[in-house]
Structure formats: C-alpha cells, structure tokens
Amino acid sequence: MDSSALTKVITLRCSKCGAQSASKTQFCCASCGAILEAHVNSGHLKRDDFDRMRYSRDQSIWRWFDFFPVMNRSSIVSLGEGGTPLIHARRLGERLAIANLYLKNDTVLPTGSLKDRSNSVGISVATELGFETAAVMSTGNAAASVAAYAAAAGMRSIVLVPNGTAMSKILQAHAYGATVIVVDGDFDHEVAALYKAAVREFGWYDCLSSNPYRVGKKSYAYELVDQLDGGVADWVIHPTAGGTGIFCMWQGFQDFLSLGWIDRAPKLVAAQSSAAAPFVAALEKGLEQIEPLIAQETVAESIQVGNPVALGSRALAALRASKGTAVALSDAEILQAQALTAGLAGIFAEPAAATSVAAARKLRECGAIKTDEIVVCNLTGHGLKQPEAIRFSKGDFKPIAPTILALREQLKHAQA
Ligand SMILES: Cc1ncc(COP(=O)(O)O)c(C=O)c1O
Ligand SMILES: [Zn+2]
C-alpha cells in the first residue's frame, strides 16, 4: 500500500436512497436497484496538494490520483491518457466570433477517443478487484478502448456488437486482442439483453457507464482548471451520448469547488445530434428524468444514443445545476463544424466530436455565448475513426500526367 492509500477511503453509495454498498463488485443498490456512485474522500486535501498535482511530472490523468477510486498507485493501468492540449483556436474563433475559443484535443488520446479517460480508471479498479475478463457492448469507441486497457492489464476482453457494425469499428478492438462477438440482433434490445445476461452468467467486469468506477472523465474538469491557469471557462461544451462526460465533469468541478480551489463552475452544454437528442428534449419539456427515444441515423455515429439509461437523469441534473443547456445539431451543421475545425484549427475530429464546435457556433449566433467569454469545446474522437464521413468530389484525386503543365492546370482547378 502506498502513502496516499493510508488516507484514501473509497465507498460505493446509492445516490437515490443513500445506502452504502457492502459489496465492491455490485454496481446496483441492493436496497433500491439504482446505480451506485463511487465516493473518494478528498476533504483533507490542501492547496499545496493542488500544486503538487498540477506540477507533477506525470501529465496523465493520474496526476489527479487522489480523486479516483483506485486504492494503490501500483494498480494503475495507464497508456498516457489525459493531459491533452487545450488549444486557443484563434482562426476558428474568428470565424465563429468567439475570441476565446479553446479546443480540448482528445483526438490524441491513446485509442483516439475520450473513452480512454474512463477505461484507464475502470480497468485499474478491475485489477484491484481481481477480475480477469473485461466486457463491453459497443458499436465503436468503447470497444477499442476497453480492449486496449485490458491488453495492457493482461486481462481478456470481450466485446459484443450487433450484426451490421462496420468492419472499421470492429478491427481496432480486434487488433488489441479483444474477442469480438457479432450478435444477430438489434443493439438496444437483443444485444443489450444478451450482454446483461452474459455479465451475470460469466462474472465479467462490466465496462458500461453503469460501472461506478469509470469516473475518469472528472479529469476534464481538473485539466481545464490547470490549463486555464487556475481559472474557469464560462462554457464547456461536450458531445453527449450516455451523459458520462457531463456527469463526471460536474463532479470534477464540485470536487475543486468544495476544496476552495475554484470559486465557480462553468456552464455545461450537451451537444447532440438532432437524430438522437434526449437531453435537448428533456430540457425543452422541463422533465426531471430523461425520456428514452429511438435514435435515428446520423453522421455522428458515436453519439447515436436515444436512451442514456445509466446516467442520463444525473447528467440532466448537472446541466441544470450548471445553468447550462443542450443543443441539437443537424448532420449538415455537424459536417460543417468538422470541416471548419480541420481547416481552421488543424484538428481532424470525427463528426460526433465536432458537435461541440457546431453547438458553440449555434449558441454564439443566438447570442447565448457572448463574444469575449471563454468557451471550451471538447473534441472527443479522432477523424480517422470514421474517415468515410469526409465528402469529396469524384474528380478530386484523379491522377495527372507528371508534368508542370498538368500540375498547373490541376492547381488552377483546385483553387477555383
Ligand atoms: C466520440 C465520442 N464523443 C462523445 C461521446 C459521449 O459520451 P458521454 O456522453 O458518455 O460522455 C462518445 C461516446 O459515447 C464518443 O464516442
Ligand atoms: Zn438505493
């Protein structure tokens, strides 16, 4: 046990009925069935601890070890996740009329998406609890991330995907050694039912967002405060599906608020595809709970979630508490934002990730965001995750003769 473990107390508690769980491996409350939350005592931390964490040599999320439900540093399974650049995107900001536009570039995370923040913490806990197999059902980024961290931990990983999932999505997980099971059934019902039953039957470590240990996205809040030099953004916009990002970021800002390390929190915004926007609908209707809906097809594949079953309502409460909002974006708006982010800021984000920039644009246009406010857009997945989303014309890559004349002609066309 290392020295911080001497002061660390980790408990699983029910946010609904307040019961504390006697088990470390049951993720639902034994009394009321609600999903549990992991609590780590941090009240003893001092301002000096903030500086120690900020200036640690390790720039990964593990600088913030004291806030994560992992007992021993020796259990950490890390691929260097976190510490991603916060870029002041001046040209893009000029275009959107947001002078202080910042991009949190999570496209550079180890497996190319934000899931690494969650799974580094989740899999580290799995090793402490003695699990040998990690499982997830996913159509994309989660599968690759769980597979990578399980590989690094020496665990087996099993991924359930519905029949029809694009090969490009399956291959990354397969490359890390995951056992990929393709199920003949639809994702939300049949695959979900089989997955749930299999986790129970085989005792796998469940890496869905109902797992209370997967709170690595709290690191967004910590990193942003650090990168804004102890300051707080006015807005943080997060591409939202299950709600883990919004829920965890809010918790992260609360951690710092309760220690007096910051004096306010930003407004949080859930950026959604209009084809799958349950947060937007819930806010518009003034609901306390998320109403599940059936997600339609969208170019923002990674956030095509109609029923954020585990954390939806808690994330909704976080949006409200932060005085933030949720914004729905059309595929056209998302693709425009993707192109602008690549062309004016030099970051190639997948369409789902670019919803944050599309939402910033929309909120600025309607006057909600003021011109000099600090706006952070989380870019949560790499563009190469979904290269087929990039539009190009038939003639774009036609070979030319190897002559200056032909090249000159081609350049003239390209300029036009
Ligand atoms: C690229 C990308 N962005 C954002 C999300 C949003 O997830 P959450 O709302 O759980 O933070 C996901 C995952 O579902 C994703 O793959
Ligand atoms: Zn309960």
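Residues: numbered from 1 along the sequence shown. Atoms within each ligand, like the ligands themselves, are counted from 1 in listed order.
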S.K.: Just to be sure I read this right, does ligand 1 sit under 4.0 Å from the backbone of Leu114, its side chain, both, or neither, counting only heavy atoms?
M.R.: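 It is the side chain that touches ligand 1; the backbone stays farther off.
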S.K.: Can you find a non-hydrogen atom of Gly243 under 4.0 Å from ligand 1?
M.R.: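 Heavy atoms of Gly243 do come under 4.0 Å of ligand 1.
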S.K.: The Zn ion (ligand 2) as vertex, arms to SG of Cys32 and SG of Cys29: angle to 10°?
M.R.: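 Output for this angle: 110°, rounded to tens.
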S.K.: For ligand 1, indicate whether the residue Ser302 contacts it via side chain, backbone, both or neither (heavy-atom separation under 4.0 Å).
M.R.: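 The answer is both, backbone and side chain.
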S.K.: Show me which atoms of ligand 1 lie under 4.0 Å from any heavy atom of Asn141.
M.R.: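 Answer for ligand 1: 1 (C), 15 (C), 16 (O).
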S.K.: Determine, stepwise, if the pair Thr325 / Lys267 fulfils side chain to side chain donor-acceptor pair (under 3.5 Å).
M.R.: CA-CA 8 Å; Thr325 187; Lys267 296 186 191 76; over 6 Å; no
S.K.: If you measure every N or O of Glu350 against every N or O of ligand 1, does any of those distances drop under 3.5 Å?
M.R.: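 No, since none of the N or O atoms of Glu350 sits under 3.5 Å from an N or O of ligand 1.
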S.K.: Can you tell which part of Thr380 has a heavy atom less than 4.0 Å from ligand 1: side chain, backbone, both or neither?
M.R.: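 For Thr380, backbone and side-chain atoms both sit under 4.0 Å from ligand 1.
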S.K.: Can you confirm whether the side chains of Asp66 and Ser42 place a donor and an acceptor under 3.5 Å from each other?
M.R.: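 Ser42 and Asp66 do not have a side-chain donor-acceptor pair below 3.5 Å.
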S.K.: Using distance alone, decide if ligand 1 has a nitrogen or oxygen within less than 3.5 Å of any nitrogen or oxygen in Ser113.
M.R.: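 Between Ser113 and ligand 1 (N or O atoms, distance only) the closest approach is not under 3.5 Å.
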S.K.: Could you check whether any side-chain N or O of Asp206 sits under 3.5 Å from a backbone N or O of Leu208, counting only pairs where one atom can act as donor and the other as acceptor?
M.R.: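 Pair found, side chain donor or acceptor close to backbone of Leu208.
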S.K.: At what distance is the nearest protein heavy atom to atom 6 (C) of ligand 1, and which residue and atom is it?
M.R.: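 Ranking protein heavy atoms by distance from atom 6 (C) of ligand 1, first comes Pro239 O, 3.3 Å.
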S.K.: Specify the protein heavy atom at minimum distance from atom 5 (C) of ligand 1: its residue, its atom name, and the distance to 0.1 Å.
M.R.: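 I find the closest protein heavy atom is Ile303 CG2, 3.6 Å.
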S.K.: For the residue pair Phe65 and Trp62, does the interplanar ring angle fall in the parallel (under 30°), tilted (30 to 60°) or perpendicular (over 60°) class?
M.R.: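 Because their plane-to-plane angle lies in the 30° to 60° range, the rings of Phe65 and Trp62 count as tilted.
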S.K.: Check whether any N or O atom of Gly245, backbone or side chain, sits under 3.5 Å from an N or O atom of ligand 1, and answer yes or no.
M.R.: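 In this structure, Gly245 places an N or O atom under 3.5 Å from an N or O of ligand 1.
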S.K.: Using a plain distance cutoff, I'd like to know if Ala352 has any nitrogen or oxygen under 3.5 Å from a nitrogen or oxygen of ligand 1.
M.R.: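 The answer is no, given that Ala352 and ligand 1 share no N or O pair closer than 3.5 Å.
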S.K.: Under the side chain to side chain donor-acceptor pair (under 3.5 Å) test, which residues partner Lys362, sequence neighbours left out?
M.R.: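 Lys362 satisfies side chain to side chain donor-acceptor pair (under 3.5 Å) with Glu333 only.
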S.K.: For Asp188, enumerate each residue passing the salt bridge (charged side-chain N to carboxylate O under 4.0 Å, His left out) test, keeping only those at least two apart in sequence or located in another chain.
M.R.: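 Testing Asp188 for salt bridge (charged side-chain N to carboxylate O under 4.0 Å, His left out), a comparison that skips the adjacent residues, returns none.
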S.K.: Heavy-atom distance under 4.5 Å between the side chains of Phe256 and Phe67, does that happen here?
M.R.: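 The answer is yes; the side chains approach within 4.5 Å.
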S.K.: Would you mind checking which non-hydrogen protein atom is closest to atom 10 (O) of ligand 1, with the distance to 0.1 Å?
M.R.: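 Checking every protein heavy atom, the shortest distance to atom 10 (O) of ligand 1 gives Thr244 OG1, 2.8 Å.
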S.K.: Considering the heavy atoms of His238, write down every atom of ligand 1 situated less than 4.0 Å from one of them.
M.R.: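 It comes down to these atoms of ligand 1: 11 (O).
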S.K.: Between Phe131 and Tyr205, how do the two ring planes meet: parallel, tilted or perpendicular, split at 30° and 60°?
M.R.: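 Rings of Phe131 and Tyr205: tilted, 30 to 60°.
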S.K.: For a salt bridge (Lys or Arg N to Asp or Glu O under 4.0 Å) check, start with the C-alpha distance between Arg361 and Glu365, then their side-chain angles and the critical distance, and finish with the verdict.
M.R.: CA-CA 6 Å; Arg361 184 182 197 178; Glu365 278 168 5; 3.6 Å; yes
S.K.: Establish, for the pair Lys115 and Tyr149, whether the NZ or CZ atom is under 6.0 angstrom from the six-membered ring centre and no further than 45 degrees off its axis.
M.R.: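 Judged by the rule, Lys115 and Tyr149 form no cation-pi pair.
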S.K.: Mark up the atoms of ligand 1 that fall under 4.0 Å of a heavy atom belonging to Gly242, in ascending order.
M.R.: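 By the 4.0 Å cutoff, the relevant atoms are 8 (P), 9 (O), 10 (O).
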S.K.: Please work out, at 4.0 Å between heavy atoms, whether the side chain, the backbone, both, or neither of Val305 comes within that distance of ligand 1.
M.R.: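 Near ligand 1, Val305 shows nothing, with every heavy atom at 4.0 Å or more.
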S.K.: Angle at the Zn ion (ligand 2), SG of Cys17 to SG of Cys14, rounded to 10 degrees, please.
M.R.: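 That angle is 110°.
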S.K.: Between Arg117 and Tyr220, is NZ or CZ placed under 6.0 angstrom from the six-membered ring centre and within 45° of the ring axis?
M.R.: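 Judged by the rule, Arg117 and Tyr220 form a cation-pi pair.
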S.K.: What are the atoms of ligand 1, with element, lying closer than 4.0 Å to any heavy atom of Thr240?
M.R.: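 Here the atoms of ligand 1 in question are 9 (O).
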S.K.: Nearest non-hydrogen contact with atom 14 (O) of ligand 1 belongs to which option: Met249, His382, Lys115?
M.R.: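 It is Lys115 whose heavy atom sits nearest to atom 14 (O) of ligand 1.
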S.K.: Cut-off 3.5 Å, side chains only: do Asp116 and Thr111 have a donor facing an acceptor?
M.R.: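 There is such a pair (donor and acceptor under 3.5 Å, judged by atom type) between the side chains of Asp116 and Thr111.
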